[in-house]
Amino acid sequence: MAGWIIPPPKAPAASRAEHDEARRRKVSALEAQGLLKSPRIKAALLKVRREDFIPEEYRDYAYEEVPLPLPGASATISCPHSYPLFYEPLGLDRGHRFLEIGTGSGYGAAVAREVVGDEGRVVSVEIDPLTQAFARRNLEHAGYRDVVLVLGDGWLGHAPAAPYDRIAVTAACDEMPPALIAQLAPGGRAIAPLLHRGRQMLTLVTKQADGTTRSLAICEVLYVALRRKEPGP
Ligand code: SAH
């Protein structure tokens, strides 16, 4: 699969109304493609202003199917279809305790917060302090004040708020991080791009009541790699 081609930075020109229209068109297209089915995920995608989670110089591309660069070493906001692509197989729903690995722009956390509602909870782990500061500003500005932002290595999850009903890893890794399986509630689901023979397969892992897991490959994807701390001596 070829890499993504990032469009050139430019001064933002689109109006609020133009972004609103582009958002509605994008949501209709995702439905028409069969990627978006859940009414709650649809409502969330219609509500959250994706353009508010994108650096100014890329804002006019908010609803194009490209990932866009963010402040930080290797962060991008994933392309628009990624969100239903991850959240539909997860069956993300009202009341879920949701863990995201890779906060990036904060957009995925905002959409998840809309889906899980007041009864749920969103925790998001980011390894890059610059990226996390950007996400924090975006989320506060957009009014999402109860998303729990954690600075750390997502490979380890975030044990203090476990167990989680649903987990999304938005960076590619060799295997589902064992700590995430441990932090998943019985019956819970986790999704991640997993490297398999040089390709990334978006993979859904379900934890059974007895603690064993089942994996289901969904499709090939292309994400930034999950950064790992160098193993000690
Ligand atoms: N979910 C984001 C997109 C994330 S892109 C959004 O909606 O905008 C992947 C992110 O994972 C990047 O921000 C990158 O810095 C972060 N990342 C990479 N390795 C990580 C790790 N080990 N732990 C936590 N975050 C990590």
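The model shown is predicted, which means the values in this text are computed figures rather than measured ones. Whatever order the structure lists them in is the order used to number ligands and atoms, beginning at 1. We're numbering straight along the sequence, starting at 1.
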Side-chain touch [X]/[Y], heavy atoms, less than 4.5 angstrom:
X: Leu68; Y: Pro7; result: yes
X: Tyr58; Y: Ile6; result: yes
X: Phe98; Y: Ser124; result: no
X: Phe86; Y: Pro193; result: yes
X: Tyr107; Y: Asp52; result: no

- Query: Can any side-chain N or O of Asp174 pair as donor or acceptor with the backbone N or O of Leu195 at less than 3.5 Å?
  - Reply: no
Below 3.5 Å only, please: the N or O atoms of ligand 1 paired with protein N or O atoms, distance on each line.
| residue | atom | partner | partner atom | Å |
| --- | --- | --- | --- | --- |
| ligand 1 | 1 (N) | Glu100 | OE2 | 3.0 |
| ligand 1 | 1 (N) | Gly102 | O | 2.9 |
| ligand 1 | 1 (N) | Thr170 | OG1 | 3.2 |
| ligand 1 | 7 (O) | Tyr83 | OH | 2.6 |
| ligand 1 | 7 (O) | Gly108 | N | 3.1 |
| ligand 1 | 8 (O) | Ser105 | N | 3.0 |
| ligand 1 | 8 (O) | Ser105 | OG | 2.6 |
| ligand 1 | 13 (O) | Glu126 | OE1 | 2.7 |
| ligand 1 | 13 (O) | Glu126 | OE2 | 3.4 |
| ligand 1 | 15 (O) | Glu126 | OE2 | 2.6 |
| ligand 1 | 19 (N) | Arg227 | N | 2.8 |
| ligand 1 | 22 (N) | Asp153 | OD1 | 2.8 |
| ligand 1 | 22 (N) | Arg227 | O | 2.7 |
| ligand 1 | 23 (N) | Gly154 | N | 2.7 |
| ligand 1 | 25 (N) | Ile127 | N | 3.3 |

